[in-house]
Amino acid sequence: MELKGPLCYVLDFDDIYNYAYQTAIKVKRSEWRPDAIVGIARGGWVHARIQCDLLGVKDLFSVKIDHWGVTATKDGKAKLTCPLTGDVVGKRVLVIDDITDTGESLTMAVDHVKSCGPADVKSAALMHIAGSKFTPDYYGVEVAWAWEIWPWNFYEDLTSLITKIFQGEKVKEMSTMELKKHLREYNNIVLSDDQLSKIKAHMGFLGTIEYPLDKAWRLKE
Ligand code: ADE
């Protein structure tokens, strides 16, 4: 069935840990050992921290790259908004992100880290999108394009996707039943009642919808 929006997959922390583990196995087999890890904020941070453990690395630094874009779009121009936070001079550095999509984040982060005087720079991602302009040295799995909903971005992504469903349907109010049906039709997402009620409370907290005192999801004017 043709979806009305982008195909999405909801991932949990077990999925993430498995992909991270696969990535670490590939680093170890290559016999290349990083002295420092750089996590690309925000998407690469959890993965970067896990690799510190799996690869025995104590130095964890950050760079921040922002995108002009929204959830589940392929576009968005990358911009380095916070430069490297630590000293990598003479070190072997592994630059880490969650996924390669357009490849812009990793390209920009790797170029920036290379300009900071390291001995060597390699890159890693949990997932690599086939056809991305950037192929990391190490990754857990290769996948076709989809929007991956990470456990650390669940509420942010669902808020954005649900807001788009309201816009697409041109309505101000929806029942939980209707929303469930639309999440399926738009994004192939199936959520439990418990997950939906937590998202609803979160959107109420953000002020995106009326604070959920009744059954309906009602957009705030
Ligand atoms: N960030 C950039 N591309 C992404 C994708 N396909 N899924 C989740 N997060 C992303």
Side-chain angles (χ1 to χ4, degrees), residues 2-23 37-51 62-82 94-113 122-165 168 182-191 195 198-199 202-203 206 208:
E2 177 89 21
L3 293 174
K4 293 186 184 170
L7 172 65
C8 295
Y9 290 114
V10 178
L11 302 172
D12 63 21
F13 279 106
D14 280 348
D15 298 320
I16 298 312
Y17 204 80
N18 284 334
Y19 298 145
Y21 202 86
Q22 291 309 313
T23 307
I37 282 177
V38 174
I40 303 177
R42 295 174 296 159
W45 273 24
V46 176
H47 182 205
R49 181 61 185 88
I50 296 170
Q51 292 303 346
S62 178
V63 294
K64 186 163 198 280
I65 294 181
D66 278 314
H67 289 265
W68 304 103
V70 284
T71 291
T73 52
K74 296 183 197 182
D75 62 337
K77 273 262 155 282
K79 189 169 182 280
L80 183 89
T81 53
C82 180
L94 185 59
V95 179
I96 294 191
D97 209 351
D98 46 11
I99 190 164
T100 55
D101 194 326
T102 61
E104 279 191 59
S105 292
L106 268 164
T107 303
M108 194 168 274
V110 165
D111 286 350
H112 173 60
V113 173
K122 291 197 189 285
S123 58
L126 293 166
M127 302 177 97
H128 172 52
I129 293 193
S132 167
K133 282 195 204 120
F134 186 96
T135 304
D137 297 285
Y138 311 103
Y139 54 86
V141 277
E142 181 173 299
V143 292
W145 192 90
W147 187 261
E148 308 292 346
I149 301 178
W150 315 107
W152 53 81
N153 216 58
F154 182 78
Y155 292 100
E156 191 171 315
D157 280 345
L158 263 300
T159 297
S160 163
L161 292 168
I162 290 169
T163 303
K164 272 189 244 156
I165 289 174
H182 291 315
L183 279 167
R184 186 71 191 260
E185 292 168 351
Y186 275 70
N187 310 108
N188 203 37
I189 294 175
V190 177
L191 297 176
Q195 284 173 310
K198 285 172 175 161
I199 294 162
H202 177 72
M203 290 178 72
L206 291 181
T208 313

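Numbering of ligands and ligand atoms starts at 1, following listing order.
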TODO: Kindly check if the number of other-residue, nucleotide or ligand heavy atoms within 6.0 Å of CH2 (W152) is above 12?
DONE: yes
Task: Other residues, nucleotides, ligands: >12 heavy atoms within 6.0 Å of Y9 OH - done: no
TODO: Would you check whether I99 has a nitrogen or oxygen atom less than 3.5 angstrom from a nitrogen or oxygen atom of ligand 1?
DONE: no
Task: Sequence-distant partners of T208, side-chain contact (heavy atoms from CB on, under 4.5 Å), two or more places apart - done: T159, T163, M203, L206
Task: Selected option - heavy-atom contact closest to atom 4 (C) of ligand 1, from W145, Y9, W147 - done: W147
Open item on the list: Which residues pass the side-chain contact (heavy atoms from CB on, under 4.5 Å) test with K133, not counting sequence neighbours?
Closed with: none
Open item on the list: Could you check whether any heavy atom of G43 sits closer than 4.0 Å to an atom of ligand 1, since that is the contact criterion I want to use?
Closed with: no
- [ ] Would you mind running through ligand 1 and noting each atom that sits below 4.0 Å from a heavy atom of I129?
- [x] 6 (N)
TODO: Using atom types as modelled and distance alone, determine if a side-chain donor or acceptor of N187 lies under 3.5 Å from a backbone N or O of L7.
DONE: no
- [ ] Compute the shortest N/O to N/O distance between D101 and ligand 1 and return yes if it is under 3.5 Å, no if not.
- [x] yes
